[in-house]
Visitor: 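Got a structure for you, questions after.
Note on naming: letters A, B, ... go to the chains in the order of the sequence lines (proteins, then strands), and numbering restarts at 1 for each one. Side-chain atoms are counted along with the backbone in the values below, which use heavy atoms only and exclude waters and symmetry mates.
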Amino acid sequence: MSRDRAQAQSDPQTTLEEIRATRLEKVEQLQQAGLTPYAYRWESTHHAAELQAKYVDLPNGEEAAVEVAIAGRIMAKRVFGKLAFFTLQDETGTIQLYLEKSRIQETMAAKDESAFDHLKQLTDAGDIIGVTGSIKRTEKGELSVYVRDYAMLTKSLLPLPDKWHGLTDVAKRYRQRYVDLIVNPEVRETFRRRALITASMRRYLDQQGFIEIETPVLQTEAGGAEARPFITYHNTLDMSLYLRIATELHLKRLIVGGFEKVFELGRVFRNEGISTRHNPEFTTLEVYQAYADYNDMMTLTEALVTTAAQDVLGTLKITYQGEPVDLTPPWRRVTMHEAVKEKTGIDFATFANLDEAKAAATQAGLHSVEKAESVGALLNQAFEQTVEETLIQPTFVLDYPVEISPLAKPHRTKSGLVERFELFMVGRETANSFSELTDPVDQLQRLQAQADRKEAGDLEAHSVDEDFVTALEYGMPPTGGLGIGIDRLVMLLTDCASIRDAIAFPLLKPEKTDAEE
RNA sequence: GGGACGCUAGCUCAGUGGUAGAGCAUUCGGCUUUUAACCGACUGGUCCUGGGUUCGAAUCCCAGGCGUCCCA
């Protein structure tokens, strides 16, 4: 900062730089007074929410003769001449500090004879302090720590957003999530719940005998899903590598290797657009169970989601963006053909060729019909255009066309289809599952067909992961596989409208600075 | 990729062609029961950026940036 300190001290302080300068001045004054502005340690006995709960019955005006210690951030200061009330916030909530000059001076005189004046003058909203004292409910009914002693733990240099309106600018909320978390308690609650959801799922899987094994993020072939990968580069090996777009193919290798129940809850990366439902890096849970099929995976999906909802929300009847959603199993099961027939009247099972199907789809008013490369792809388009957004209550959509499911086992009774389901809730795909394809010859053919499409310019098509096919040739037991989009599940269970609200640090375009232009 | 909307003080927002504003925060003074404390005083601006129109632009036009929503 170029501003002269003496001048900064005498001028009114109101721009950001001036506020910083004023607070840096206070840092110096704290040091001169022997009060460290950046402390090393603090030992608390309680958190705010604990105290609020424990003393809920303390009558107005009464003091509990106890000694507590608590630390947190000053969110508001209400200062009188010889009395002050601060609102202190920790991870669990807030509690008022009752700061009386006479009491503080009495207990702190030995180390700081101006302790109360320093408290008034050198602390700001945003500072992190620790206090000790008794508990008192004020005459006005606010539970408070009746402070005997305080310590500055961290001096804050920057002002907090408006104490009433908080921070609403969404770009700023995402770019400076720490500020968002300080002033918006519901945002902290979202990420607390997110942690509880993943913990619940891991706990359930652990109880069922699944083990989590970490698979590589850096891969020589990005497989297991249809998506454009991120490309990176390894210097020593002098080769390009891809960031994984799915964990599927490596988890299946583990099944080949003899593990019977494996999963990975981890980050995958897809080089695609950003929307309220898409972030380029997101989290999936993939689960593989030997000797199981997609019917078992439906049961497992219901168990995982309902257990998480119960653990985190304590109910299966939830509300998402004002709309009631009932997670009580069993969930509706409908085949993709039936679902499309319900909405469009078209029975895709009756078409002899693609042209017939296209004619019917065009007749029904579907768009982008000409792009379809197969009846199955067209069926999927019809599903996405007419059915997907209507599936509010949890619904398993079953039995997908083989053309769009290169890793799924052929349906045991329905020709041209595979044993696959996707779970839809609030109009969004939230899980995807197969009876996994275990026939290495069929698998190679399907991957080669994908590779041909890639060759022809389809950037999302699979490539052939030869080592994966080799693994299948050693023999993979019948296996059920399941992938759950954790971010979307978190959105549902935390009532977030945008995936960016469910991801602590979503990807944003950097703000362009002058130097870059 | 297309469209609509938004961007003004640290924060939340007014201001639609004529001297850039309010509340909160900050700074100073007062105050022992406040909780959006209060009272008094002061202060604070790259009106997103760059061009253009105009005697005059936060305001109108063009281009760009960032964001939100909708569509593809």
Visitor: Once you apply the 3.5 Å cut-off to both distances, tell me the Watson-Crick or G-U wobble partner of B:A63, or none.
Guide: B:U49

Visitor: Choosing from B:U27, B:U33, B:C69, which nucleotide comes nearest the side chain of A:K26?
Guide: B:U27

Visitor: B:G17 and B:A58: how far apart are their P atoms, nearest whole angstrom?
Guide: 13 Å

Visitor: Starting at CG of A:L158 and ending at C1' of B:U26, how long is that distance when rounded to a whole Å?
Guide: 13 Å

Visitor: Both A:D169 and A:W164 contact RNA chain B. Taking the nearest nucleotide for each, which residue is further toward the 5' end?
Guide: A:D169

Visitor: For A:K101, answer base if it contacts any base atom (sugar-phosphate contacts may also be present), sugar-phosphate if it contacts only those atoms, and nothing otherwise; contact means non-hydrogen atoms under 4.0 Å.
Guide: nothing

Visitor: Using atom CZ of A:R103 as one end and atom P of B:U33 as the other, report the distance to the nearest whole Å.
Guide: 17 Å

Visitor: Looking only at atom P, what distance separates B:G65 and B:G23, rounded to whole Å?
Guide: 38 Å

Visitor: Start with the C-alpha gap between A:R188 and A:E91, add the side-chain angles, then the distance that decides, and say whether salt bridge (charged side-chain N to carboxylate O under 4.0 Å, His left out) holds.
Guide: CA-CA 8 Å; A:R188 285 203 302 279; A:E91 189 185 327; over 6 Å; no

Visitor: Go ahead and name the base partner of B:U33; Watson-Crick or wobble counts if both distances stay under 3.5 Å, otherwise write none.
Guide: none

Visitor: Say you pick atom C1' in B:A36 and the same atom in B:C47; how far apart are they, in whole Å?
Guide: 27 Å

Visitor: Between A:V187 and A:L181, is any pair of side-chain heavy atoms under 4.5 Å apart?
Guide: yes

Visitor: Which side-chain N or O atoms in residues 61-73 of chain A pair as donor and acceptor under 3.5 Å with protein atoms at least two apart or in another chain?
Guide:
unit_1: A:E63; atom_1: OE2; unit_2: A:R103; atom_2: NH1; d: 3.4
unit_1: A:E63; atom_1: OE2; unit_2: A:R103; atom_2: NH2; d: 3.3
unit_1: A:E63; atom_1: OE2; unit_2: A:S134; atom_2: OG; d: 2.6
unit_1: A:E67; atom_1: OE1; unit_2: A:R148; atom_2: NE; d: 3.1
unit_1: A:E67; atom_1: OE1; unit_2: A:R148; atom_2: NH2; d: 3.3
unit_1: A:R73; atom_1: NH1; unit_2: A:G126; atom_2: O; d: 2.9

Visitor: NA contact type, A:R500, heavy-atom cut-off 4.0 Å: base, sugar-phosphate, or nothing?
Guide: sugar-phosphate

Visitor: Assign each of A:K120 and A:D124 to its nearest nucleotide of RNA chain B by heavy atoms, then name whichever residue's nucleotide is nearer the 5' end.
Guide: A:D124

Visitor: So, OP1 or OP2 of B:A72: does either fall under 4.0 Å of a side-chain N or O from A:H367?
Guide: yes

Visitor: Apply ring pair (Phe, Tyr, Trp, His ring centres under 6.0 Å) to A:F383 and A:F348, showing your working.
Guide: CA-CA 11 Å; A:F383 174 80; A:F348 274 81; over 10 Å; no

Visitor: CG of A:L119 versus P of B:U32: gap in Å, rounded?
Guide: 15 Å

Visitor: Do the side chain of A:D162 and the base of B:G23 come within less than 3.5 angstrom through a donor-acceptor pair of N or O atoms?
Guide: yes

Visitor: Counting side-chain heavy atoms from CB outward, which of B:U68, B:G23, B:U32 is closest to A:H165?
Guide: B:G23

Visitor: Can you check the A:Q89 CD to B:U35 P distance for me, whole Å?
Guide: 19 Å

Visitor: Would you mind classifying the nucleic acid contact of A:V79 as base, sugar-phosphate or nothing, using non-hydrogen atoms under 4.0 angstrom?
Guide: base

Visitor: How would you label the contact of A:R175 with the nucleic acid (heavy atoms, under 4.0 Å): base, sugar-phosphate, or nothing?
Guide: sugar-phosphate

Visitor: Could you work out the separation of B:C24 and B:A9 based on their C1' atoms and round it to a whole Å?
Guide: 12 Å

Visitor: Which one of A:R78, A:E142, A:R137 satisfies the side chain to side chain donor-acceptor pair (under 3.5 Å) criterion with A:Q96?
Guide: A:R78

Visitor: Nearest-Å distance, CZ (A:F85) to C1' (B:U33)?
Guide: 4 Å

Visitor: Is the A:Y150 to A:F86 ring centre distance short of 6.0 Å?
Guide: no

Visitor: Using atom CD1 of A:I274 as one end and atom P of B:A72 as the other, report the distance to the nearest whole Å.
Guide: 20 Å

Visitor: Separation of A:H278 atom NE2 from B:C69 atom P, in whole Å?
Guide: 14 Å

Visitor: Only pairs with both distances under 3.5 Å count, Watson-Crick or wobble alike; so what is the partner of B:C55 in this structure?
Guide: B:G18

Visitor: Under 3.5 Å for both donor-acceptor distances, Watson-Crick or wobble: does B:U68 have a partner, and if so which one?
Guide: B:A4

Visitor: Have a look at A:G166 and say if it touches a base, only the backbone sugar-phosphate, or nothing, with a 4.0 Å heavy-atom cut-off.
Guide: sugar-phosphate

Visitor: Using atom CG of A:N184 as one end and atom P of B:C11 as the other, report the distance to the nearest whole Å.
Guide: 14 Å

Visitor: Quick one: which of B:U33, B:C69, B:A25 gets closest to the side chain of A:P159?
Guide: B:A25

Visitor: Taking atom C1' in both B:C42 and B:G30, compute the distance separating them and give it to the nearest angstrom.
Guide: 15 Å

Visitor: If you measure from the C1' atom in B:C48 to the same atom in B:C7, how many Å do you get, rounded?
Guide: 6 Å

Visitor: Base, sugar-phosphate, or nothing for A:K82, non-hydrogen atoms under 4.0 angstrom?
Guide: base

Visitor: Flag the pair A:D180 and A:R177 as a salt bridge only when some basic side-chain nitrogen lies within less than 4.0 angstrom of an acidic carboxylate oxygen.
Guide: yes

Visitor: What nucleic acid atoms does A:T87 come within less than 4.0 Å of, heavy atoms only: base, sugar-phosphate, or nothing?
Guide: nothing

Visitor: Taking the side chain as every heavy atom from C-beta outward, state whether A:K111 and A:L35 have any atom pair closer than 4.5 Å.
Guide: no

Visitor: For B:U26 and A:K77 - does any side-chain N or O of the residue sit under 4.0 Å from the phosphate oxygens OP1/OP2?
Guide: no

Visitor: Both distances below 3.5 Å, Watson-Crick or wobble geometry, any strand: find the nucleotide opposite B:C24.
Guide: B:G10

Visitor: Not counting sequence neighbours, which residues clear ring pair (Phe, Tyr, Trp, His ring centres under 6.0 Å) with A:F396? List them please.
Guide: A:W331, A:F421

Visitor: Can you check the distance between B:A14 and B:G6, where both ends of the measurement are the C1' atom (answer in whole Å)?
Guide: 15 Å

Visitor: Mind checking A:K136 for me? I need base, sugar-phosphate or nothing, with any heavy atom below 4.0 Å counting as a touch.
Guide: base

Visitor: Using nucleotides 3-8 of chain B, report all nitrogen or oxygen pairs with the protein that are shorter than 3.5 Å.
Guide:
none

Visitor: Does a nitrogen or oxygen in the side chain of A:T15 sit under 4.0 Å from OP1 or OP2 of B:U27?
Guide: no

Visitor: Looking at A:D487 and A:R194, is any side-chain nitrogen of the basic one under 4.0 Å from a carboxylate oxygen of the acidic one?
Guide: yes

Visitor: Expressed as a whole number of Å, how far does the C1' atom of B:A20 sit from that of B:G67?
Guide: 25 Å

Visitor: Does A:T22 make a side-chain N or O approach to OP1 or OP2 of B:U27 shorter than 4.0 Å?
Guide: no

Visitor: Is A:D124 salt-bridged to A:K155, cutoff N-O under 4.0 Å?
Guide: yes

